[in-house]
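Data block below; observations after.
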Amino acid sequence: SQQGEEDPQALSIQEGENATMNCSYKTSINNLQWYRQNSGRGLVHLILIRSNEREKHSGRLRVTLDTSKKSSSLLITASRAADTASYFCATDGVTGNQFYFGTGTSLTVIP
Amino acid sequence: DAGVIQSPRHEVTEMGQEVTLRCKPISGHDYLFWYRQTMMRGLELLIYFNNNVPIDDSGMPEDRFSAKMPNASFSTLKIQPSEPRDSAVYFCASSRRQVLTGNTIYFGEGSWLTVV
């Protein structure tokens, strides 16, 4: 399988704390993306990092990428109850056209 | 744009029945993906199309599954005959090739299938 794996599987934090999720993948990539899924809904794109980038920011999101370790992390700063969702990393295949998703991290932010 | 539209949102069917899931991608997108999500296996890529042509169907679990894309604005995923283990959420997603910035996939809300 080309799927990645997120770690931890589940994370529970207090509102205002930072949340860090990790993703490991197996094959070489062009890009790595993070998506969010609210319960009962489809996935929504959060941020994309290219293989030649090491860090990227978007609002309260910070993504890092270490291609030598085939790993990425997503940091959500100053978390809010509305951040409660599952978070997935997605890697593209050899052609860059198909996308493989990890198993997801379920984040619960307690108000 | 209305986004990726899937139907039905929910379907309960009896084992052995044919199930057809439908998808309308975002206009202008040339890639279409079908994913299946279960608690046990997570999100699995079943098949994807480029310009209406199936490119990789290696994720389709069995011959009972088939997918078509007769035109740029419509795709179907069919299961015949259905089995209880097919119960899952089936997502359709689309994207447009972005060489410089990378592709972003847009997902529909999913079709929740229960086979009893």
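- Applying the ring pair (Phe, Tyr, Trp, His ring centres under 6.0 Å) rule to pairs touching residues 58-78 of chain A yields nothing, sequence neighbours excluded.
- Cluster annotation: Tyr25(A) is connected to Ile47(A) through the hydrophobic network of ILVMFWY side chains, with a link wherever side-chain heavy atoms come within less than 4.5 Å.
- Checking Phe101(A), Phe99(A), Tyr100(A), Tyr35(A) one by one against Leu43(B), the side chain to side chain contact (heavy atoms under 4.5 Å, CB included) holds for a single residue, Phe101(A).
- There is no contact between Gln6(B) and chain A, counting heavy-atom distances below 4.5 Å.
- Residues Phe88(A) and Leu75(A) are members of separate hydrophobic clusters, defined by side-chain heavy-atom contacts under 4.5 angstrom among Ile, Leu, Val, Met, Phe, Trp and Tyr.
- Cluster membership for Leu32(B) and Ile47(B), using ILVMFWY side-chain heavy atoms within less than 4.5 angstrom, is shared.
- Cluster annotation: Phe33(B) is connected to Ile55(B) through the hydrophobic network of ILVMFWY side chains, with a link wherever side-chain heavy atoms come within less than 4.5 Å.
- For residues 6-34 of chain B, the set of pairs meeting the salt bridge (Lys or Arg N to Asp or Glu O under 4.0 Å) definition, not counting sequence neighbours, comprises Glu18(B)-Lys78(B).
- By the 6.0 Å contact criterion, CZ on Arg80(A) is open, its count of non-hydrogen atoms from other residues, nucleotides or ligands being 12 or less.
- Of residues 79-92 of chain B, those residues lying under 4.5 Å from chain A by any heavy-atom pair are Phe91(B).
- Tyr106(B) contributes no side-chain N or O that, together with a main-chain N or O of Leu43(A), makes up a donor-acceptor pair within less than 3.5 Å.
- Under the 4.5 Å side-chain heavy-atom criterion for ILVMFWY residues, no single connected hydrophobic cluster contains both Met69(B) and Tyr48(B).
- Along residues 107-116 of chain B, the residues that come nearer than 4.5 angstrom to chain A, judged on non-hydrogen atoms, are Phe107(B), Gly108(B), Glu109(B), Trp112(B) in order of number.
- Closest of all the heavy-atom pairs between Gln33(A) and Ile105(B) is OE1-N, 4.4 Å.
- Heavy-atom neighbours of Asp63(B) CG from other residues, nucleotides or ligands within 6.0 Å: at or below the threshold of 12.
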